[in-house]
Asks: 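Mind looking over this structure? Questions follow.
Fair warning: this is a prediction, and the values are worked out from it, not measured in the lab.
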Amino acid sequence: MGTSKKYILFFIFLLTVIFLDGQGYYIEYDKESRSIYNDIINLKLDDARNKLAEMDKVNHLNLSYLHLENYLDFFELFISEDESRFDLLKKNKKTRLKQLENKLLDNDPYKRFVIAEIHLQWALTRSKFGELFRSGREIYKAYHLLDDNMNNHPDFIYNNKSLSIIHALIETVSIPGFIKSLFGIEGSIKQGLKEIKALNTYCIKSSDIFLPESEAIYMYILFYQGNQKELALELIQSSFTDYNESPLVCFLKSKLLQRAGKNDEALVLLEDRQSGSEHAEFLYLDYLEGLSRLRQLDPSCMKYFESFVKKFNGRHFIKEAYQKLAWSSLVFENDTEAYKSYMALVKIKGSRLTDDDKQAYRESLNNYIPNPILLKSRLLYDGGYYTRTLQLLDENKNLLNDAELKSEYQYRLARVNQALENYTDAIAQYEDLLSTGKVESYFNCNAALQLGLIYEELGELQKSEKYFKTCLRLNPKVYRQSLHQKARSGLNRIVLK
């Protein structure tokens, strides 16, 4: 055998050894991966599970199935909050990471990306189950993996998917500066928006698998962090056109529409939502439909809240659902005994991990019963029914004579004038509230925040900065964290203007 043939045979043998040693493994989001991903996004979790089992048999070299399996675990636990399933499924994380570490080359950009995604998905899942310390460690790991990947592979567009939201949130979350420095996490709303916009543009042009996620993250940052609600709402109307069968899309769109005061539009989505045996049960949508109906002052809301608390076995939103049943008793029947009974259940049911559950629990500890008129005005305002709210308050000016109700009345009146762009009246009412109200009250803290937002809208940035800082100096007993986060976002935005 000639020398050249020996070299060729040796080269073929070497390639075979390398291939068998695992270096033939790769990640590609091919046709099968896309089909499984779409099933997961549409909450057709059983279909996705069956396809994943087949994919592993047919082409076990494409490790995208590990990423998709993690998506499946994440969404199952996200919507069900089933603690026994969480205990069972969380063992999968270590197995998947070990396979990715051993089978993918270190210079493959997909390696750090998918490992980081798995860390982030489990971080979000753990936060649902109260494992906040481990959740924080996983976010830290994910961030540095993505940051390294960005440095080593700056053109790898998928880096932007999770980095964007970390960068947008990091400057506003309530973490002391020295801890942020210690962890080495940096970012800004501007940076996060730039990153997710680039990914979203790429996904639209290439019909990429991650288009629905890029749209969701882009809308979230625009709406909550960037204070660009109108642009976010435009995207809501034009996005997810190929995903209209997804309960997750219904959740995302209806939640943002509710927050924007577009209650009727949110209710249309919730009424028309997909359900059936092929979709995993997403009971939180019952709660959201009940909330939209309550904001219309529709008594049928109660059956949706009752269905939710009866069927849902998770730990979140239970306290606020019982609170909404209590409110319904006051609004529709002025039944203070029923209100007290439901609030007694708020004390013992569910958990205190979300701001709304915490607020519901605090309300349950008070002997104070909300005024039905002001409660109606709050619900109508939250639904975006501003003219009806103003009319209701105008018809009940006598509440200003009640020392206990005066601050809330002023606050509700200022909010609706702000929504109607009657800024002169709103500013005067907020400033009067700040000068006369209780320093530790939610109404005062939010009054300062809203003044900052009004002056930002009017382009008077010095006044805007003044009131955002005032908001940060006030420490209300409820919603302090979310109010302060919004004030920090405002301060960061106006620096860039």
Side-chain angles (χ1 to χ4, degrees), residues 254-255 257-259 261-267 270-271 284-310 317-347 349-350 355-400 402 404-416 419 442-443 446 478-479:
S254 60
K255 189 79 171 174
L257 287 168
Q258 284 181 337
R259 291 298 296 268
K262 306 286 185 181
N263 192 59
D264 290 341
E265 294 177 41
L267 187 55
L270 290 161
E271 288 176 331
Y284 183 59
L285 296 179
D286 281 351
Y287 171 81
L288 290 182
E289 182 165 355
L291 188 61
S292 277
R293 291 179 182 276
L294 177 58
R295 288 172 177 173
Q296 283 186 334
L297 302 185
D298 177 355
S300 72
C301 67
M302 296 187 74
K303 70 179 182 181
Y304 293 92
F305 296 133
E306 287 166 352
S307 173
F308 176 71
V309 296
K310 182 180 179 180
F317 322 117
I318 299 294
K319 290 186 182 299
E320 58 174 309
Y322 279 113
Q323 178 199 45
K324 299 307 182 290
L325 283 165
W327 288 3
S328 300
S329 300
L330 284 180
V331 166
F332 302 123
E333 300 167 3
N334 200 20
D335 187 340
T336 57
E337 290 306 311
Y339 171 84
K340 290 176 182 178
S341 295
Y342 281 123
M343 293 309 289
L345 291 171
V346 171
K347 292 179 183 177
K349 300 288 187 178
D355 267 355
D356 287 329
D357 280 327
K358 289 176 184 176
Q359 191 277 331
Y361 179 72
R362 290 189 187 99
E363 184 178 332
S364 74
L365 299 178
N366 295 333
N367 293 320
Y368 175 78
I369 297 175
N371 177 273
I373 299 298
L374 293 178
L375 188 51
K376 282 183 183 180
S377 73
R378 173 179 180 175
L379 292 168
L380 288 170
Y381 171 84
D382 287 343
Y385 308 112
Y386 304 131
T387 302
R388 288 175 65 187
T389 308
L390 193 60
Q391 181 180 349
L392 180 65
L393 290 170
D394 190 55
E395 291 170 354
N396 291 275
K397 290 180 180 177
N398 60 303
L399 295 177
L400 283 168
D402 188 320
E404 288 188 5
L405 301 178
K406 182 179 179 181
S407 290
E408 183 178 355
Y409 183 94
Q410 286 179 300
Y411 171 79
R412 305 253 171 247
L413 190 60
R415 289 292 276 152
V416 73
Y442 163 80
F443 302 127
N446 203 17
V478 296
Y479 297 120

Asks: Nearest 0.5 angstrom please: M302 CE to F332 CZ, how far?
Replies: 8.0 Å
Asks: Does a side-chain heavy-atom distance below 4.5 Å link K358 with R362?
Replies: yes
Asks: When rounded to the nearest 0.5 angstrom, what is the spacing between CE in M343 and CG in N366?
Replies: 8.0 Å
Asks: In terms of heavy-atom contacts, does CD of E395 have more than 12 from other residues, nucleotides or ligands at under 6.0 Å?
Replies: yes
Asks: Which value, rounded to the nearest 0.5 Å, describes the distance between E408 atom CD and D402 atom CG?
Replies: 10.5 Å
Asks: Measure across D357 and E320 and return the closest heavy-atom pair with its distance rounded to 0.1 Å.
Replies: OD1-N, 3.1 Å
Asks: Calculate, to the nearest 0.5 Å, the distance between atoms CG and CG belonging to N334 and L375 respectively.
Replies: 10.5 Å
Asks: Any side-chain to backbone donor/acceptor pair from S307 onto K303? Under 3.5 Å, distance only.
Replies: no
Asks: Stepwise, does the side-chain contact (heavy atoms from CB on, under 4.5 Å) test hold for D356 with Y479?
Replies: CA-CA 8 Å; D356 287 329; Y479 297 120; 2.8 Å; yes
Asks: Apply side-chain contact (heavy atoms from CB on, under 4.5 Å) to residues L267 and E289 and explain how you reach the verdict.
Replies: CA-CA 6 Å; L267 187 55; E289 182 165 355; 3.9 Å; yes
Asks: If only atom types and distance count, is the side chain of N371 paired as donor or acceptor with the main-chain N or O of L374 below 3.5 Å?
Replies: yes
Asks: I want to check something: taking the side chain as every heavy atom from C-beta on, are W327 and R378 in contact at a cut-off of under 4.5 Å?
Replies: yes
Asks: Would you call the rings of Y381 and Y386 parallel, tilted or perpendicular if under 30° counts as parallel and over 60° as perpendicular?
Replies: tilted
Asks: With a 4.5 Å heavy-atom cut-off, do F308 and L285 have their side chains touching?
Replies: no
Asks: Determine, for E363 against K319, whether the closest basic-nitrogen to carboxylate-oxygen distance falls under 4.0 angstrom.
Replies: no
Asks: State, with a plain yes or no, whether a side-chain heavy atom of L390 is found less than 4.5 Å away from one of L413.
Replies: yes
Asks: Would you sort out whether Y442 and Q359 count as a side-chain contact (heavy atoms from CB on, under 4.5 Å), showing the intermediate values?
Replies: CA-CA 11 Å; Y442 163 80; Q359 191 277 331; over 6 Å; no
Asks: Is it the case that the side chain of D335 and the backbone of L330 share a donor-acceptor pair, with hydrogens and angles ignored and the cut-off at 3.5 Å?
Replies: no
Asks: Hey, could you give me the CG/CZ distance between L379 and R293, rounded to the nearest 0.5 Å?
Replies: 15.0 Å
Asks: With the side chain counted from C-beta on, respond yes when R415 and T389 share a heavy-atom pair under 4.5 Å apart, and no when they do not.
Replies: no
Asks: Looking at R295 and Y385, what are the two nearest heavy atoms and their distance?
Replies: O-CE1, 3.2 Å
Asks: Might you work through the side-chain contact (heavy atoms from CB on, under 4.5 Å) test for L380 and L297, ending with a clear yes or no?
Replies: CA-CA 8 Å; L380 288 170; L297 302 185; 3.9 Å; yes
Asks: Between Y409 (side chain) and L393 (backbone), is there a donor-acceptor pair under 3.5 Å?
Replies: yes
Asks: Would you indicate whether the side-chain heavy atoms of L288 and K255 approach each other to under 4.5 Å?
Replies: yes
Asks: Give a yes or no answer on whether the side chain of D286 reaches the backbone of Y304 with a donor-acceptor pair at less than 3.5 Å.
Replies: no
Asks: With the side chain counted from C-beta on, respond yes when F443 and Q410 share a heavy-atom pair under 4.5 Å apart, and no when they do not.
Replies: no
Asks: What distance do F305 atom CZ and Q323 atom CD have between them, rounded to the nearest 0.5 Å?
Replies: 9.5 Å
Asks: Looking only at heavy atoms, what is the nearest atom pair of C301 and L294, with distance?
Replies: CB-N, 3.5 Å
Asks: Should Q258 and D382 count as side-chain neighbours, where that means a heavy-atom distance under 4.5 Å?
Replies: no
